[in-house]
Amino acid sequence: MANTVLQCSTSKINEMKTYYKNNLQSKLPPGSVFTAKVPGCTITAYRSGKVLFQGGSGQEEAGRWGSTETAPAKSGKPKTNPKLPANIADMSILGSDEVGTGDFFGPITVVAAYVKKEQIALLKELGVRDSKNLTDDKIIAIAKDLLSVVPYSLLICHNEKYNDLQEKGMSQGKIKALLHNRAILNLLKKIEPEKPEAILIDQFAEENTYYKYLAGQKEIHRENVLFSTKGESIHLSVAAASILARYAFVKEMDKLSAAAGFQIPKGAGKQVDVAAAKIIRQSGADELKKITKWHFANSDKAQKLARH
């Protein structure tokens, strides 16, 4: 498993230590400032300024503190699944992806989309590619075409539900796994009796970890499931899923902005803290909690801003 690393200032590390105060461990590795354990992730900060996030939800945990770099796993094994078929880009694939995991405001949206090999040329013509390289306006335009072209299943995990699950100890990685599994199952039923040649999940956890997250579920789809990072560049089904998930996320953010009376920013940066503080002053912290991922560091920052 790859580790996620941040290079942080002393003040940022002190802020992290305060944030994780209830999760701090007494045994510290040499050269470290603190070690904390949260569901699905161990965080270790070093005097050098490097902060290491290890575990299935490490990348998501690191994402709320800044931009990340990925350190190679000690085993030297590739992060992507080495069993991907050589001709996967030309196959009929069911792909799944999610949006909103690193955003303080707005829900997590997960989409599974089925793209038959006969549709690949059409999707290319429609401009389908990695949603991260598209503006929201372009995503909306492409998504409206896709809605009538590809079968899909959309699931939205609103933040009231997300916070409830998180407060019960469920990691973001597990929440995502449950959503992906359900979206895939829903879409497989929708396209019956047709079957995709394979299922490609945009990888957010190692395969073993993904199935551990699903342990205890009544239905778990395992047949012909492949995992790969940067799935959007491997098959257009994942790119289509990403665009549809982003489209749903943008629509939900528009609803939040309309309710708040001002534009709610995406992401988890300083502008988000300012907007969150404004909502606290308007409606109170309880209302803010309903529309945000409350365990993000932004919640504490917003409350501090609102008091000044």
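Any value given below was found using the heavy atoms of this structure, including those in side chains, with hydrogens, waters and symmetry copies removed. If you read the sequence from its start, that first residue is 1, and numbering goes on from there. Nothing here was measured: the structure is a model prediction, and the numbers come from that model.
- The shortest side-chain heavy-atom distance between L6 and M16 falls under the 4.5 Å cut-off.
- When all heavy atoms are compared, the tightest approach of A277 to L305 is CB-CB, 3.7 Å.
- I279 has its side chain within reach of I264: a pair of non-hydrogen atoms, C-beta onward, lies under 4.5 Å apart.
- Here NZ of K21 is found 13.5 Å from CZ of F34. Values are rounded to the nearest 0.5 Å.
- Going from atom CZ of R182 over to atom NE2 of H221 covers 12.0 Å, rounded to the nearest 0.5 Å.
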Would you please test K289 and E160 for salt bridge (charged side-chain N to carboxylate O under 4.0 Å, His left out) and show each step? CA-CA 8 Å; K289 183 176 181 179; E160 281 192 276; over 6 Å; no
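- Summarising the geometry of A245 relative to T109, their closest heavy-atom pair is O-OG1, 2.8 Å, with the distance given to 0.1 Å.
- The aromatic rings of Y211 and F227 stand perpendicular to each other, their planes meeting at an angle above 60°, with 30° marking the opposite boundary.
- D97 places no side-chain N or O within donor-acceptor distance of the main-chain N or O of V111, the cut-off being under 3.5 Å.
- Atom CG of residue L185 and atom NZ of residue K218 lie 13.5 Å apart, to the nearest 0.5 angstrom.
- Between I243 and R129, the shortest heavy-atom distance links the atoms CD1-O, 3.5 Å.
- Under the 4.5 Å side-chain heavy-atom criterion for grouping Ile, Leu, Val, Met, Phe, Trp and Tyr, V128 is connected to Y247 within one hydrophobic cluster.
- Classification of E192 and K189 as a salt-bridged pair fails, no side-chain N sitting under 4.0 Å from a carboxylate O.
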Between D300 and K304, does a salt bridge (charged side-chain N to carboxylate O under 4.0 Å, His left out) hold up when you go through it step by step? CA-CA 6 Å; D300 290 334; K304 288 175 185 175; over 6 Å; no
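- Taking both residues in full, the closest heavy atoms of F104 and V272 are given as CD2-CG1, 3.5 Å, listed atom of the first, atom of the second, then distance.
- In this structure, Q303 contributes its side chain and S299 its backbone to a donor-acceptor pair below 3.5 Å.
- Residues meeting the side-chain contact (heavy atoms from CB on, under 4.5 Å) test with A302, sequence neighbours left out: A276, I280, L288.
- Checked against side chain to side chain donor-acceptor pair (under 3.5 Å), K176 has the following partners two or more places apart in sequence or in another chain: E60.
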Pair Q203, K230 - check side-chain contact (heavy atoms from CB on, under 4.5 Å), show working. CA-CA 8 Å; Q203 188 171 349; K230 299 182 179 178; over 6 Å; no
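- Considering Q25, E61, E15 in turn, E61 is the only one that fulfils the side-chain hydrogen bond (donor to acceptor under 3.5 Å, both in side chains) rule with Y20.
- When every heavy atom of F53 is checked against every heavy atom of G58, the shortest pair comes out as CB-O, 3.6 Å.
- Ring pair Y210/H180: centre-to-centre distance not below 6.0 Å.
- Atom CG of N186 sits about 9.0 Å away from atom CD of E219, to the nearest 0.5 Å.
- Under the salt bridge (charged side-chain N to carboxylate O under 4.0 Å, His left out) criterion, the residue pairs touching residues 245-255 are D136-R246, E252-K255, with sequence neighbours excluded.
- Counting heavy atoms from C-beta on, the side chains of E232 and V238 come closer than 4.5 Å.
- Partners of P29 under the side-chain contact (heavy atoms from CB on, under 4.5 Å) rule, at least two apart in sequence or in another chain, are S32, T35, T44, Y46.
- Linking Ile, Leu, Val, Met, Phe, Trp and Tyr residues whenever their side-chain heavy atoms come within less than 4.5 Å places L256 and F249 in a single cluster.
- Side-chain atoms of K293 come within 3.5 Å of backbone N or O of D103 as a donor-acceptor pair.
- Inter-residue side-chain proximity for S237 and I199 is flagged as unmet; no heavy-atom pair is nearer than 4.5 Å.
- Linking ILVMFWY side-chain heavy atoms closer than 4.5 Å, directly or via other members, places L126 and L236 in a single hydrophobic cluster.
- Using a distance-only test at 3.5 Å, with no hydrogens or angles considered, a donor-acceptor pair links the side chain of S257 to the main chain of M253.
- A donor-acceptor pair under 3.5 Å is formed between the side chain of S92 and the backbone N or O of K117.
- Counting heavy-atom neighbours within 6.0 Å of E167 CD, excluding the residue itself, gives a total above 12.
- Using modelled atom types, one side-chain atom of D202 and one backbone atom of G231 make a donor-acceptor pair closer than 3.5 Å.
- Between C157 and V110, the closest side-chain pair of non-hydrogen atoms is not below 4.5 Å.
- Residues E98 and L179 form no side-chain contact, since every pair of their non-hydrogen atoms from C-beta on lies 4.5 Å or further apart.
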Does the side-chain contact (heavy atoms from CB on, under 4.5 Å) test come out yes or no for I291 and F105, once each step is laid out? CA-CA 6 Å; I291 56 175; F105 285 99; 3.9 Å; yes
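- Proximity of a side-chain donor or acceptor of N163 to a complementary backbone N or O of N159 within less than 3.5 Å is detected.
- With Q119 contributing its side chain and K116 its backbone, the two residues share a donor-acceptor pair below 3.5 Å.
- Taking CD from Q166 and CZ from F296, the interatomic distance works out to 9.5 Å, rounded to the nearest 0.5 Å.
- With a 6.0 Å radius and a threshold of 12 heavy atoms from other residues, nucleotides or ligands, K190 has its NZ atom above the threshold.
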side-chain contact (heavy atoms from CB on, under 4.5 Å) between L178 and M170, worked out: CA-CA 11 Å; L178 294 171; M170 191 177 292; 3.7 Å; yes
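- No side-chain donor-acceptor contact under 3.5 Å links K174 to the backbone of G169.
- Linking ILVMFWY side-chain heavy atoms closer than 4.5 Å, directly or via other members, places V51 and L28 in two distinct hydrophobic clusters.
- Summarising the geometry, atom NZ belonging to K17 is positioned 14.0 Å from atom CD1 belonging to I43; distances are rounded to the nearest 0.5 Å.
- When the side chains of ILVMFWY residues are joined at heavy-atom separations under 4.5 Å, either directly or via intervening members, F204 and V225 end up in a single hydrophobic cluster.
- Here salt bridge (charged side-chain N to carboxylate O under 4.0 Å, His left out) pairs that include residues 267-280, with residues two or more places apart or in two chains, number zero.
- Heavy atoms from other residues, nucleotides or ligands lying under 6.0 Å from CG of D286 number 12 at most.
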The test is side-chain contact (heavy atoms from CB on, under 4.5 Å); show your working for L84 and L200 and say whether it passes. CA-CA 9 Å; L84 293 179; L200 179 61; 4.1 Å; yes
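- Under the 4.5 Å side-chain criterion, counting only non-hydrogen atoms from C-beta, Q271 is not in contact with V274.
- Of all heavy-atom pairs between A45 and I13, the closest is CB-CG2, 3.9 Å.
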Name every donor-acceptor pair, under 3.5 Å, that has one atom in a side chain of residues 138-156 and the other anywhere in the protein, sequence neighbours excluded.
{"from": "S148", "atom 1": "OG", "to": "D145", "atom 2": "O", "distance (Å)": "3.2"}

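- Using a 4.5 Å heavy-atom threshold, the side chains of I184 and L188 count as touching.
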